[in-house]
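To keep things clear, I will list the structure first and then write my remarks on it.
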Amino acid sequence: MKYVDEFRDAALARNLAAKIAAEVQPQRRYHFMEFCGGHTHAIARYGLAELLPASVRMIHGPGCPVCVLPIGRIDQAIHLALERGAIVCTYGDTLRVPASGGLSMMKAKARGADIRMVYSAADALKVARANPVREVVFFAIGFETTTPPTALVLRQAKAEGLKNFSVLCCHVLTPAAITHILQGPGVGPAGDVPLDGFIGPAHVSIVIGYAPYVPFALGYQKPVVISGFEPLDVMQSILMLVRQVNEGRAEVENEFTRAVSADGNRAAQAVMDEVFEHREVFEWRGLGEVPDSALRIRPAYAEFDAEVRFGLCYQGVPDHKQCACGEILRGRKVPTDCKLFGTVCTPENPMGSCMVSSEGACAAHYAYGRFRDIPVVAA
């Protein structure tokens, strides 16, 4: 398969591993955060961690949109469906994320809520057209990748004069989250989360470009390499980060040159700017309230804002006391540090958001890495 198989070549991967091993400095330890869950998934699925020297540690970041979705926002969507009689449409991964009261959107659906999985924001608009006497709410989540399609359907709904369609906007922003991690306690050479650099998300960067990462790369002296999601992309990006650290550089480099440019997709940015504005603060699961890290619908589109239309007030809800998703999302723990991992919390019965999404750290480790945790006993 062109543009896929050539980035999964095992011999080339071993060559890149040999280059990384040759270039790491014996006295140094390297700690790189893969911001996106897609990279975490690739590292786990293709066994890339086993190819790396012991001195290179990969740290899972908060770049999974389902994992960082706070319980209170899911509660709002369930409330609209159960208590307000709305048809709520959303992406599939969101349906199983645990909410308050032992509920999830899937369990609320079993109680009679009209909650429907859609593959795109445009599908939600079709549901609204097909049900003119029902309120239809699109529960919109995700980073800059999924934001332009939401903006387009809002613009289309306004053009058509739809009266029964609105969006519960939970879109979040990548650079703000990275900055928040770097400003958090314990980050740095002497902290419990030593970070030497970031693997940046390719799909987000296709939209926003790689220029927005430059300020914090320079300001915090942390190199960033924008990386694709195939195994050779990730290995090449790690090699580029190792070289930057060795040379004392802190720059933004672009490994995913086949799709990412400095300025990104200007047309997508324009429609986002037309429809959305920054929120002052937004709660992220695991990160708490992060300033200027999310979007809300502009007043010009207020009639399509579910928070305005239904008079919603946000109420934060703490996670399960024993769930370690928050610390895993901050890089302070790994999945096996959680008391619930693999016992009461499994992909079939997720207790935390990191186990729900296929891009979550716990789900990736459960699917591809947990057997490494079992000691091999000689026969």
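Computed from a predicted model, the values in this text were never measured in an experiment.
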### Task
Answer yes if Met106 and Val97 sit in the same cluster of Ile, Leu, Val, Met, Phe, Trp and Tyr residues linked by side chain heavy atoms under 4.5 Å apart, and no otherwise.
yes
### Pairing residues for Glu307 by the salt bridge (Lys or Arg N to Asp or Glu O under 4.0 Å) criterion, not counting sequence neighbours
Arg73, Arg279
### Message
Pairing donors with acceptors under 3.5 angstrom, does anything connect the side chains of Thr150 and His171?
### Response
yes
### Message
Is the shortest side-chain heavy-atom distance between Met105 and Ile74 below 4.5 Å?
### Response
yes
### Query
Can you check whether Leu195's main-chain N or O pairs, donor with acceptor, with Lys222's side chain at less than 3.5 Å?
yes
### Task
Taking all non-hydrogen atoms of both residues into account, name the closest pair between Ala124 and Val136 and its distance.
O-CG1, 3.9 Å
### Query
Considering only heavy atoms from C-beta outward, does the side chain of Phe32 approach that of Val225 to under 4.5 Å?
no
### Task
Please name the pair of heavy atoms, one in Phe256 and one in Asp233, separated by the smallest distance, quoted to 0.1 Å.
CE1-OD2, 4.4 Å
### Task
Decide whether Asp75 and Tyr314 meet the rule of one side-chain donor and one side-chain acceptor closer than 3.5 Å.
no
### Message
Checking Ser166 against Glu135: is there a side-chain donor and acceptor pair closer than 3.5 Å?
### Response
no
### Task
May I ask you to decide if Leu12's main-chain N or O and Asp9's side chain share a donor-acceptor pair within less than 3.5 Å?
yes
### Query
How far apart are the closest heavy atoms of Ala121 and Tyr91, and which atoms are they?
N-OH, 3.8 Å
### Task
Identify the two heavy atoms, one from Tyr368 and one from Ala44, that lie closest to each other, and give their separation to 0.1 Å.
CB-O, 3.3 Å
### Query
For Phe310, does its backbone N or O pair with a side-chain atom of Arg84 as donor and acceptor, under 3.5 Å?
yes
### Summary
Residues at least two apart in sequence or cross-chain that pass side chain to side chain donor-acceptor pair (under 3.5 Å) with Asp196, listed by chain then number, are His31
### Query
With no hydrogens and no angle check, is any side-chain donor or acceptor of Asp337 less than 3.5 Å from a backbone partner on Lys333?
no
### Task
May I have the step-by-step check of side-chain contact (heavy atoms from CB on, under 4.5 Å) for Asp114 and Val88, ending in yes or no?
CA-CA 6 Å; Asp114 195 346; Val88 175; over 6 Å; no
### Task
Apply side chain to side chain donor-acceptor pair (under 3.5 Å) to Tyr213 and Asn254, showing your working.
CA-CA 11 Å; Tyr213 305 96; Asn254 181 21; over 6 Å; no
### Task
Using distance alone, with no hydrogens and no angle criterion, decide if Tyr210 and Glu253 have a side-chain donor and acceptor under 3.5 Å apart.
no
### Message
Can you tell me how far apart CZ (Phe198) and CE (Met33) are? Round to the nearest 0.5 Å.
### Response
5.5 Å
### Message
Would you say Ile181 ends up clustered with Leu218 if hydrophobic residues are merged whenever their side chains have heavy atoms under 4.5 Å apart, either directly or through other cluster members?
### Response
yes
### Query
So, the side chain of Glu255 versus the backbone of Gly228: is there a donor-acceptor pair under 3.5 Å, distance only?
yes
### Message
To the nearest 0.5 Å, what is the distance between CD1 on Ile59 and CD1 on Ile328?
### Response
13.0 Å
### Query
Which residues pass the salt bridge (Lys or Arg N to Asp or Glu O under 4.0 Å) test with Glu247, sequence neighbours left out?
Arg249
### Query
Given Phe304 and Val137, is the side-chain contact (heavy atoms from CB on, under 4.5 Å) satisfied, shown in steps?
CA-CA 9 Å; Phe304 302 101; Val137 179; over 6 Å; no
### Task
Give a yes or no on whether the backbone of Cys345 and the side-chain of Asn349 come within a donor-acceptor separation of less than 3.5 Å.
no
### Query
Can you check whether Ile141's main-chain N or O pairs, donor with acceptor, with Thr146's side chain at less than 3.5 Å?
yes
#### Entry: Derivation of the ring pair (Phe, Tyr, Trp, His ring centres under 6.0 Å) call for Phe229 and His203
CA-CA 9 Å; Phe229 296 101; His203 46 18; 4.8 Å; yes
### Task
Give a yes or no on this: more than 12 heavy atoms of other residues, nucleotides or ligands lie within 6.0 Å of atom CD of Glu274.
yes
### Query
What distance separates Glu327 CD from Cys354 SG, expressed to the nearest 0.5 Å?
11.0 Å
### Task
Please confirm whether the backbone N or O of Ala302 pairs with a side-chain atom of Arg309, one donor and one acceptor, at under 3.5 Å?
no
### Query
When you look at Asn265 and Ile208, which way does the side-chain contact (heavy atoms from CB on, under 4.5 Å) test go after all the steps?
CA-CA 6 Å; Asn265 185 329; Ile208 66 173; over 6 Å; no
### Message
Quick check: do Tyr220 and Thr179 have side-chain heavy atoms less than 4.5 Å from each other?
### Response
yes
### Query
In terms of hydrophobic clustering (I, L, V, M, F, W, Y; side-chain heavy atoms under 4.5 Å; direct or indirect links), are Ile178 and Ile199 co-clustered?
no
#### Entry: Nearest-0.5 Å distance that lies between atom CG in Leu168 and atom CD1 in Ile297
8.5 Å
### Query
Side chains of Val224 and Phe216: does their closest heavy-atom pair fall under 4.5 Å?
yes
### Query
Do any N or O atoms from the side chain of His180 and from the backbone of Leu287 form a donor-acceptor pair under 3.5 angstrom?
yes
### Message
Strictly below 4.0 Å, N to O, side chains only: are Asp93 and Arg96 in salt-bridge contact?
### Response
no
### Message
Going by ring-ring contact (aromatic ring centres under 6.0 Å, His included), name the residues that satisfy it together with His79, two or more places apart in sequence or in a different chain.
### Response
none
#### Entry: Ile238 and Met58, any side-chain heavy atoms less than 4.5 Å apart
yes
### Task
Return the minimal non-hydrogen interatomic distance between Val260 and Ala202, and the atom names on each side.
CG2-O, 3.6 Å
### Message
With a 4.5 Å cut-off on side-chain heavy atoms, are Thr94 and Phe139 touching?
### Response
yes
### Query
Does the side chain of Cys170 reach to within under 4.5 Å of the side chain of Phe282, using non-hydrogen atoms?
yes
### Glu144 side-chain N/O to Thr174 backbone N/O, donor-acceptor pair under 3.5 Å
yes
### Query
Same hydrophobic cluster for Leu312 and Tyr301, using side-chain heavy-atom links shorter than 4.5 Å among ILVMFWY?
yes
### Message
Atom CZ of residue position Arg111 - does it have more than 12 heavy atoms of other residues, nucleotides or ligands inside 6.0 Å?
### Response
no
### Query
Which pair of non-hydrogen atoms, one from Met235 and one from Ile20, has the smallest distance, and what is that distance?
O-CD1, 3.7 Å
### Query
Roughly how far, to the nearest 0.5 Å, is CG of Asn131 from CZ of Phe165?
12.5 Å
### Query
Would a 4.5 Å heavy-atom cut-off, applied to side chains only, mark Val234 and Tyr46 as touching?
no
### Task
Count the heavy atoms of every other residue, nucleotide or ligand shown that sit under 6.0 Å from NZ of Lys158, and state whether that count exceeds 12.
yes
### Between CD1 on residue Ile226 and OG on residue Ser205, distance to nearest 0.5 Å
3.5 Å
### Task
Sort and list the pairs that fulfil side-chain hydrogen bond (donor to acceptor under 3.5 Å, both in side chains) and have at least one residue in residues 223-232, not counting sequence neighbours.
Arg8-Glu230, Ser227-Ser237
### Task
Please work out which of the three classes, parallel, tilted or perpendicular, describes the rings of Tyr366 and Phe341, given edges at 30° and 60°.
perpendicular
### side chain to side chain contact (heavy atoms under 4.5 Å, CB included) partners for Glu277, two or more places apart
Arg296, Arg298, Pro299
### Task
Report the C-alpha separation of Thr147 and Leu295 in whole Å, then their side-chain angles, then the decisive distance to 0.1 Å, and conclude whether the side-chain contact (heavy atoms from CB on, under 4.5 Å) test is met.
CA-CA 9 Å; Thr147 305; Leu295 299 173; 3.7 Å; yes
